[in-house]
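Read the structure below first, then the notes.
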2 protein chains.
Amino acid sequence: MSESPIEDFIQTMGLMWSADGGPRIAGQIMGYLLLEGEPRTLAQMCDALQISKGSASTNARLLEAKGLARRVHPVGSRQDAFLAVPHPGPSMLKTVALRLRRQADEISRISAQFPEDEGAAQQRVVDFAEFYRKSADFMDEWTARIESDRGDDPKEN
Amino acid sequence: MSESPIEDFIQTMGLMWSADGGPRIAGQIMGYLLLEGEPRTLAQMCDALQISKGSASTNARLLEAKGLARRVHPVGSRQDAFLAVPHPGPSMLKTVALRLRRQADEISRISAQFPEDEGAAQQRVVDFAEFYRKSADFMDEWTARIESDRGDDPKEN
DNA sequence: CAGTTTGTTCATTTTGTATTGAACGGAAGC
DNA sequence: GCTTCCGTTCAATACAAAATGAACAAACTG
């Protein structure tokens, strides 16, 4: 069974997404919306990707929460529709940076409670957390660079 | 059952690792090696973390492959031992950059096969891949900055 | 206001992956 | 050369997360 490049792309997006630890269907929806370029309803996703209504709803909202898709209400239609946001890069980076900062904070918080005779271990752990924090800072810096390069209005968080 | 901050740290490292889509035990080993600061054998990991010999072997080699731990052979001992590398940041970043580049390459390869009447979709997909590639470039740039800041010899890849 | 249509939720099933534990192979010791 | 000690591999198991589909709630229609 040979596949068209279009189908192949959708499938690959799903695999990449799951390789990054997320639900495969979210990646497939992302690929589908990218290809279509215009708003698509949950029913259309179900039809195109052969998935259940529940999965379409859950994963589309996941993309929405991550800032990769936007929900729109076409006038005259009772159905919600989702649209791939034009330049998802900054949103993706902000999500990663947020997670890194939370992890850094938690590591710092725990290591602060180490007993006094573990000073050397504590220092290594603090260094480790510091790297996480700097990573987050660096991603923010990069995000700013991307947005200014394009002259985007940063109204979307 | 209350936990010491030390145990809490190991456990938290495991949870973070699995939240990022990896094996929990790999994170626990990483935390353990960070705390100890000196080479530790597989048997010691099994004892400290209450895990099987197979898991210790598999996950320690995973850390080694990612450049976060180094295998050493203490003279006079028949056992391998693993040591947390002092500054794992660059290795982690290189791993991420490599994955991003592979994903960008695969997306580009697939989109190049799109039929001619899908030009607009192709453009959107190419833009998407381009973001992945730029991300990888940016991480490399950052890696270089970190290494030069510290004056490290970059003998380790 | 009864009847549709649509999105969400959630218990259940399915699927994928981590973990184990036993078997294997190689190297060092005696 | 036989035995012992390690590390690795792999089939079986356990576990966690994803996907489903039916039930529910809300909003619109006529």
Side-chain angles (χ1 to χ4, degrees), chain A residues 7 10-33 39-66 68-83 95 99, chain B residues 10-33 39-66 68-83 99:
Chain A
E7 289 166 6
I10 290 178
Q11 192 174 334
T12 298
M13 285 290 289
L15 289 175
M16 285 181 176
W17 208 268
S18 78
D20 285 353
R24 175 181 48 207
I25 288 185
Q28 292 178 348
I29 292 177
M30 188 68 216
Y32 174 66
L33 293 180
R40 289 291 178 257
T41 66
L42 293 179
Q44 287 174 316
M45 299 176 198
C46 292
D47 186 50
L49 304 176
Q50 304 277 42
I51 58 178
S52 71
K53 193 167 58 153
S55 286
S57 172
T58 300
N59 288 287
R61 270 180 306 131
L62 175 64
L63 293 177
E64 188 186 20
K66 293 209 172 194
L68 302 182
R70 180 170 299 158
R71 192 191 299 244
V72 294
H73 285 273
V75 291
S77 168
R78 288 168 62 179
Q79 306 181 64
D80 294 358
F82 290 84
L83 173 69
T95 301
R99 195 181 59 204
Chain B
I10 290 178
Q11 192 174 335
T12 299
M13 285 291 289
L15 289 175
M16 285 181 177
W17 209 270
S18 78
D20 286 354
R24 174 183 47 206
I25 288 186
Q28 292 179 348
I29 293 178
M30 187 67 216
Y32 174 65
L33 294 180
R40 289 292 178 257
T41 66
L42 293 179
Q44 286 174 315
M45 299 177 198
C46 292
D47 186 50
L49 304 176
Q50 303 278 40
I51 58 178
S52 71
K53 193 166 59 154
S55 285
S57 172
T58 300
N59 288 288
R61 271 181 304 129
L62 176 64
L63 292 178
E64 188 186 20
K66 294 209 170 191
L68 302 182
R70 180 170 301 158
R71 190 191 300 245
V72 294
H73 285 275
V75 290
S77 168
R78 287 167 65 180
Q79 308 181 63
D80 295 358
F82 290 84
L83 173 70
R99 194 181 62 206

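Bear in mind that the values here come from a model prediction, so they are computed numbers and not experimental data.
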_Positions of residues 75-83 of chain B (non-hydrogen atom under 4.0 Å from DNA chain D), listed by number_ = B/Arg78, B/Gln79, B/Asp80

*side-chain hydrogen bond (donor to acceptor under 3.5 Å, both in side chains) with A/Thr58: which residues, sequence neighbours excluded?*
none

*Partner residues of A/Asp47 under the side chain to side chain contact (heavy atoms under 4.5 Å, CB included) criterion, sequence neighbours left out*: none

*All side chain to side chain contact (heavy atoms under 4.5 Å, CB included) counterparts of A/Thr95, not counting sequence neighbours*: none

*How would you give the extent of chain A contacts on DNA chain C, as first and last nucleotide 5' to 3' within a 4.0 Å heavy-atom cut-off?*
C/dT4 to C/dT9

*asked:* Holding to side chain to side chain contact (heavy atoms under 4.5 Å, CB included), I want the full list of residues that pass it with B/Ala48, two or more places apart in sequence or in another chain.
replied: B/Tyr32

*Please list residues of residues 51-58 of chain A whose heavy atoms come under 4.0 Å from any atom in DNA chain D, ordered by number; otherwise none.*
A/Ile51, A/Ser52, A/Gly54, A/Ser55

*Span of DNA chain D in contact with chain B (heavy atoms, under 4.0 Å)*: D/dT4 to D/dT9

*Please name all residues satisfying side-chain hydrogen bond (donor to acceptor under 3.5 Å, both in side chains) with B/Gln79, sequence neighbours left out, ordered by chain then number.*
none

*Residues two or more places apart in sequence or in another chain: which of them pass side chain to side chain contact (heavy atoms under 4.5 Å, CB included) with A/Ser18?*
A/Arg24

*More 5' along DNA chain C: A/Leu42 or B/Arg24, using each one's nearest nucleotide?*
A/Leu42

*Which residues share a side-chain hydrogen bond (donor to acceptor under 3.5 Å, both in side chains) with B/Ser77, sequence neighbours left out*: none

*Going by heavy atoms closer than 4.0 Å, what residues in residues 11-20 of chain B are next to DNA chain D?*
none

